[in-house]
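Everything below concerns the one structure shown next.
Side chains are part of it too, since the values below use all heavy atoms of this structure and drop only hydrogens, waters and symmetry mates. In each ligand, atom 1 is the first atom listed, and ligand 1 is the first ligand listed.
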Amino acid sequence: MKEDPSAEKRIGELTDAVNYHNYRYYMLEDPVISDFEFDKLVRELNVLENAYPQYVREDSPSKRVGGAVSEKFGQVKHGIPMLSLDNAYSKEEVIEFDERIKRFLGIGTNEEIEYDCELKFDGLAVELAYTKSVFVKGSTRGDGTVGEDVTGNLRTINTVPLKLLEHIEYIEVRGEVLMDKESFKKLNAERLKEGLSLFANPRNAASGSIRQLDPEITRNRRLVMFAYGIGDYSKEIKFKTQLEMMDFLKSAGININKNISVVKGISGAIDFFDAISKKRESLPFEIDGIVIKVNDLSLQERLGEISKSPRWAIAYKFSAKQEVSVISGIEVSVGRTGILTPVALLNPVNIGGVVVKRATLHNQDEIDKKNINAGDRVLVERSGDVIPEVVKVVSKGEKRGSFKLPDLCPCCGSPVVIDGAAHRCMNELACPCQIKGAIVHFVSKRAMDIEGLGEKIVDKLVENGLIKNVADIYYLRRGDLSGLEGFGEKSEENLFKSIEKSKNISYDRFIYALGIRHVGEHIAGLLIKYFGDINGIKNASIDGFSSRFGIGEEIGKSIYNFFRLESNIAVINRLFKAGVFPYIVSVSKFVKNSGVAGKSFIFTGGLEEFTRDEAENIVKEMGGIVEKTVKKKLDYVVAGKEPGSKCEKALKLKLNIIDEAEFKKLINNII
Ligand code: IVH
């Protein structure tokens with residue numbers, strides 16, 4: 001390994017700079033440099049780190065990316081147990097808490113205690129350990145004494161600093177990992193399109209994301225972390241109050257939510273609760289109440305704890321968005337991918353201002369776990385925009401035992417197959433429910449965008465035998481719809497116009513519209529980029545969907561099988577025959593205005609995933625130019641491991657140097 005003290009120094013400077021700007025961007029939300037300048041720093045650091053791996057620091061931002069997929073999480077023992085909080089649901093209970101504290105401390109009832117009030121984040125509790133200011137270990141709360149080692153996953157969260165801004169010998173920071181409401185919605189929308197099971201709420205999504213064996217998946221889930229306390233810490237740190245502690249964490253670069261208030265007396269805490277209740281819906285993430293903490297740490301110490309909860313704090317929770325109701329029946333719905341979802345029909349119940357009549361039971365495993373059947377009195381929860389769900393049985397009804405999903409599809413009578421946690425109807429092409437679902441997907445905004453074909457109309461068209469598959473839409477004739485309820489001449493005219501307009505569609509949207517299992521918008525774009533058009537995809541071998549391009553084995557199999565079915569090919573041919581004409585956005589096999597076409601490249605050093613020939617061929621096939629010598633006007637210098645003199649020359653010429661990851665991004669870049 002070559003040594004170079006100046007490279008080590010520069011790596012240090014760049015690591016500090018990138019970490020600092022990351023902090024300004026994600027935590028202070030106040031960047032001081034442009035994204036472009038930031039990317040440049042990251043790129044320079046990546047290049048140097050590739051060349052001098054021995055100098056990569058433990059707090060390097062490159063450690064946020066990917067990392068090894070673990071078989072199973074290791075265990076972490078919490079030196080100081082992670083306690084839970086006692087709950088209060090009313091003003092009276094909160095006042096009792098205040099009285100209890102005064103009694104315990106021997107303080108007069110007229111005196112006022114100072115309370116620190118914070119949000120009660122509804123996520124997953126974690127502990128982050130820092131040694132000499134560097135993030136070394138992250139764990140879940142587990143049972144409070146022993147948690148799971150999720151260091152690699154926590155590293156991928158931008159609001160988890162890899163290095164603290166102040167020198168601290170040792171500290172354990174405690175906080176909550178959350179998924180914001182927007183990311184949660186997006187994640188579920190994507191999962192729905194790709195036929196995956198949905199997360200019931202952001203808390204489950206955050207927890208599932210942290211407990212992923214592959215950190216790359218966690219990284220893509222966009223989580224945030226807010227700290228609310230500390231565990232063990234070295235003795236050089238001192239503070240007197242909870243607020244001082246939070247301020248200290250903040251100055252060390254730890255993410256603290258700004259909704260904190262120190263108030264005099266319990267009435268101040270109640271006012272804080274009322275103010276936060278009003279703000280709750282507008283917050284970007286879910287909270288389930290506030291936490292009231294005695295501000296003075298010496299009083300906290302005197303108060304101590306009782307049965308795993310501190311005496312000095314209480315969670316004042318919003319009245320739960322949960323109510324009890326009776327399941328009058330269980331209906332089974334069949335989605336476009338054939339998955340059977342059991343739905344509880346409920347005696348109507350008002351939950352937090354919304355009348356709920358149906359709640360999802362998710363799947364057979366959930367029903368078995370909760371032992372649910374029609375007639376049971378159950379607890380129903382509605383959180384945010386999420387589909388209401390049955391939490392648990394309160395008391396069993398007359399029918400004992402639990403409900404079983406049918407062996408035959410309730411929609412078409414075909415056999416149902418168990419596929420992981422899902423029960424699936426395999427009659428993909430003729431099951432009316434799947435047909436309806438597939439058509440609704442095909443016409444949806446981001447697919448063919450046929451306005452005027454809503455779910456209800458699709459239902460009617462399928463029920464009346466007017467369409468049996470997506471191609472039939474293009475063979476509808478004027479007058480076919482006039483007999484349908486609620487369909488006038490004008491709406492028929494508009495529908496035909498938008499059907500006609502949809503014939504001219506970009507190829508990636510067309511592929512997405514076909515509703516191939518696991519093929520969302522992103523994968524559809526990749527397919528077109530690498531295979532050019534439908535014939536390229538159809539003729540590809542299973543191995544052709546190389547995982548290198550982000551299309552893994554399961555997805556590859558699904559695409560391959562889709563094009564082996566004669567009936568699918570027949571539908572596609574009828575679409576083309578009707579005049580659907582997807583346009584190709586690429587010049588040759590690849591996309592014309594990707595980041596590669598017309599750009600010049602030079603490669604130096606070894607790449608991990610490509611041989612030099614492969615990489616150069618990809619560039620050429622995508623319309624790029626491969627150069628052999630470094631010159632002033634090169635667009636990209638791709639530097640792999642141990643880059644040679646070309647890289648040094650490129651640095652001098654201040655050329656745009658990228659690493660392998662950037663190169664992969666560039667060739668995967670969908671327009
Ligand atoms: S303090 C001694 N502060 O609530 C307990 N906890 O039910 C220290 N939580 O496991 C917890 N927001 O995950 C504290 N501002 C906050 C919190 C908070 C959410 C969670 C935490 C804990 C659970 C206790």
Element-labelled atoms of ligand 1 that are located less than 4.0 Å from some non-hydrogen atom of Glu118 = 3 (N), 15 (N), 16 (C)

So is there a nitrogen or oxygen of Lys120 less than 3.5 Å from a nitrogen or oxygen in ligand 1?
-> yes

So the atoms of ligand 1 within less than 4.0 Å of a heavy atom of Ala125 turn out to be 10 (O), 13 (O)

Classify the side-chain pair Gln300/Asp296 by whether it contains a donor and acceptor separated by less than 3.5 Å.
-> no

Is a salt bridge present between Lys132 and Glu169, judged by a nitrogen-to-oxygen distance below 4.0 Å?
-> yes

Nearest non-hydrogen protein atom, atom 18 (C) of ligand 1 | Tyr228 CE2, 3.5 Å

Give the contacting part of Asp122 toward ligand 1: side chain, backbone, both or neither, where contact means a heavy-atom distance below 4.0 Å.
-> neither

Can a non-hydrogen atom of Lys293 be found less than 4.0 Å from any atom of ligand 1?
-> yes

With a 3.5 Å cut-off and no angle check, do the side chains of His78 and Glu127 form a donor-acceptor pair?
-> yes

Do Ile171 and Leu164 touch side chain to side chain, with heavy atoms closer than 4.5 Å?
-> yes

Could you find the nearest protein heavy atom to atom 12 (N) of ligand 1 and give me its residue, atom name and distance?
-> Phe121 N, 3.0 Å

Close side-chain approach of Met246 and Ile254, heavy atoms under 4.5 Å = no

Around atom 20 (C) of ligand 1, find the nearest protein heavy atom and jot down its residue, atom name and distance.
-> Glu176 OE1, 3.5 Å

Between Asn257 and Asn259, does any side-chain donor sit less than 3.5 Å from a side-chain acceptor?
-> yes

For ligand 1, the portion of Val291 having any non-hydrogen atom under 4.0 Å away = side chain

Hey, are Ser60 and Glu49 close enough side-chain-wise for a donor-acceptor pair under 3.5 Å?
-> yes

When the ring planes of Phe121 and Tyr228 are compared, do they come out parallel, tilted or perpendicular, using 30° and 60° as the limits?
-> parallel

Here the atoms of ligand 1 under 4.0 Å from any heavy atom belonging to Pro310 are 2 (C)

Does Gly229 reach ligand 1, in the sense of a heavy atom lying below 4.0 Å from it?
-> no

Against heavy atoms of Leu83, which atoms of ligand 1 measure under 4.0 Å?
-> 2 (C), 5 (C)

the protein heavy atom lying closest to atom 24 (C) of ligand 1 turns out to be Leu85 N, 3.5 Å

Answer yes if the side chains of Ser209 and Arg221 hold a donor-acceptor pair under 3.5 Å, and no otherwise.
-> yes

